[in-house]
Amino acid sequence: MLKRIETTDTAGIDALVRHDAARDPRVVRTARRIVDAVRSGGDKALLAHARRLDGLRGALEVTPDEILAGAARVPRDVRRAIATAVRNVERVSARQVPKSFTISPARGVVISQRVTPLARVGCYVPAGRYPLPSSLIMGAVPARAAGVREVIGVCPRPDDTVMAAALEAGVTRMFRIGGAQAVAALAYGTSTVPRVDRIVGPGNAYVAAAKAIVAADCPIDFNAGPSEIVVVSDSGDARWIAADLAAQAEHDPQARAIFITTRRRLAAQVSRALVSQTAGAQPVIVIARTRIEAIALVNRLAPEHAVCDDDETAAAIATAGTIFVGPWSAQAAGDYVTGSNHILPTGGAARFRGGLSAADFVKVTSVQRLSREGLRGIGPAAVALATAEGLTAHAESIRIRLGADA
């Protein structure tokens, strides 16, 4: 039975917002053991875990010939769809790369911003019920757009569609590994798997736990949890709203699918439509007293995906990984071919960041140049601040130069 909450139910709403997506301690312990084993044991430990957990029977690495052969077996319409997705993600990603610039904030002081791509990144591709070529596209294409030279793909059971996506997205090397062992191999490197500068891509609970464990040594995209969607609407088509909720609910039994409306009749219609559509997680319907209250709840939830009726509502939603506006903006289209990235923050992380972008694959370095005149102009202020902080050596390193200039 679908859960229904009124916004007057303060305790119920607070529980919905506080949704506990904490990791199972047993999963974390298991992931840590695997990560430690691969970090210390290299290929030997990686192979042992891959054979036991991934069912690996052949070589760790997929050869270029295997990738070509697999891609050739993919039906033409699927290959065209992959090419469309790659092209659109490329176009959006190209606009996301930060720009280099030079500015003079004070006379004799020049600051430059230098943008440099990471050298090598790893893209995790899930393969639970089905391998997900779209996840490979969303990780690899922005990296390529940012100028990353080497893109390493990992997937426990890469099928032909993953091979086709790897070929189209420009993946450099592909390995038949998954789970915490794949994350550890990417983070620390083995004789076979090269160490990367960032790991991106969704995965199961063990992958998420392993990414959190290695994050101190190798940057990740973010700590991802079960998928989320919040639809806020007073005028949408009940069947379409139910379809969007059901689409996200089928990802995972822990997925979150929430519908917020001020219209009780629409809530009832969506509820009836969901009875025949939902497989997986059970959606929640929330009745709000006002539109302002409904939007405020969306912002408290900070969902991965938000769906709304119009631009005015979209402008008021300040915390969401991505926002779909209007009846034709099917959320599932964004999972594949709109060009926007589907690797998005979950668990309320949309409060402080958006989805994966090409900007995540570059380093931004500042280059500073001061002339004699520049240091003479701003040096006394630096000396005053260093002295106020009690850092006398800092102050002296500037004062000695000012004295030489006297």
Side-chain angles (χ1 to χ4, degrees), residues 50 54-94 120-146 148-179 182 186 192-193 196 199-204 207 221 227 247-248 250-252 279 330-344 355-356 358 361:
D54 298 329
L56 178 69
R57 294 294 178 265
L60 281 174
E61 186 165 5
V62 183
T63 68
D65 285 345
E66 287 176 311
I67 292 175
L68 286 169
R73 290 190 292 267
V74 174
R76 185 176 299 176
D77 63 329
V78 178
R79 292 202 306 270
R80 283 199 298 263
I82 289 171
T84 297
V86 167
R87 181 174 64 251
N88 290 348
V89 174
E90 279 178 338
R91 295 184 67 181
V92 174
S93 297
R120 183 188 297 127
V121 302
C123 297
Y124 190 94
V125 185
R129 286 178 295 175
Y130 304 100
L132 301 180
S134 60
S135 291
L136 180 57
I137 292 169
M138 298 296 173
V141 174
R144 284 298 196 188
V148 175
R149 294 191 304 275
E150 295 183 57
V151 178
I152 310 300
V154 296
C155 181
R157 290 173 296 281
D159 70 354
D160 289 344
T161 60
V162 171
M163 304 293 192
L167 188 64
E168 190 73 29
V171 170
T172 313
R173 298 173 71 182
M174 173 69 71
F175 293 90
R176 295 183 183 90
I177 51 176
L186 291 172
T192 302
V193 182
V196 302
I199 300 170
V200 303
N204 64 17
V207 171
D221 40 14
S227 190
Q248 285 305 112
E250 75 174 340
H251 272 294
D252 188 296
Q331 179 272 316
D335 282 345
Y336 300 107
V337 293
T338 64
S340 188
N341 208 295
H342 82 197
I343 300 176
L344 299 161
L356 189 72
F361 296 101

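The figures here come from the full heavy-atom set of this structure, side chains too, leaving out hydrogens, waters and symmetry mates.
- Between the CZ atom of F361 and the CG atom of L356 there is a distance of 4.5 Å, given to the nearest 0.5 Å.
- Remark: of the listed residues R149, R173, E150, E150 is the sole one forming a side chain to side chain contact (heavy atoms under 4.5 Å, CB included) with R120.
- Smallest separation of non-hydrogen atoms from V74 and A164: CG2-CB, 3.9 Å.
- The only option from T63, L136, L60, V151 that meets the side chain to side chain contact (heavy atoms under 4.5 Å, CB included) definition with M174 turns out to be L136.
- Proximity of S135 to H342: side-chain heavy atoms (C-beta onward) are separated by under 4.5 Å at one or more points.
- Taking 4.5 Å as the limit, some side-chain heavy atom of T192 sits within range of a side-chain heavy atom of F175.
- Atom OG1 of T338 is separated from atom CD of Q331 by 10.0 Å, given to the nearest 0.5 angstrom.
- To the nearest 0.5 Å, atom CG of residue N341 and atom OG of residue S93 are 6.5 Å apart.
- One finds the CG atom of D160 at 11.0 Å from the CD atom of E66 (value rounded to the nearest 0.5 Å).
- Here the side chains of V171 and C123 are not in contact, with every heavy-atom distance at 4.5 Å or above.
- Contact of the P126 side chain with the N204 side chain is not registered, since no non-hydrogen atoms from C-beta on lie closer than 4.5 Å.
- Contact record, P156 with Y124: CD-OH, 4.2 Å, taken as the closest heavy-atom pair.
- Nearest heavy-atom pair, L167 versus A71, reported as atom, atom and distance to 0.1 Å: CD2-CB, 3.9 Å.
- The distance from atom CG of L56 to atom CD1 of I177, rounded to the nearest 0.5 Å, is 9.0 Å.
- Looking at R144, its side chain does come within 3.5 Å of a backbone N or O of G170 through a donor-acceptor pair.
- Rounding to the nearest 0.5 angstrom, the gap separating the CZ atom in R73 from the CE atom in M163 is 7.5 Å.
- Considering all non-hydrogen atoms of both residues, A165 and I137 come closest at CB-CG1, 4.1 Å.
- Closest approach of S134 to D335, counting heavy atoms only: CB-O, 3.9 Å.
- The minimum heavy-atom distance linking C155 with A127 is given by the pair SG-CB, 3.8 Å.
- Counting only distance, with no hydrogens or angles, the side chain of R157 and the backbone of P131 share no donor-acceptor pair below 3.5 Å.
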Inset, instruction - Step by step, work out the side-chain contact (heavy atoms from CB on, under 4.5 Å) result for V141 and R91. - result: CA-CA 10 Å; V141 174; R91 295 184 67 181; over 6 Å; no
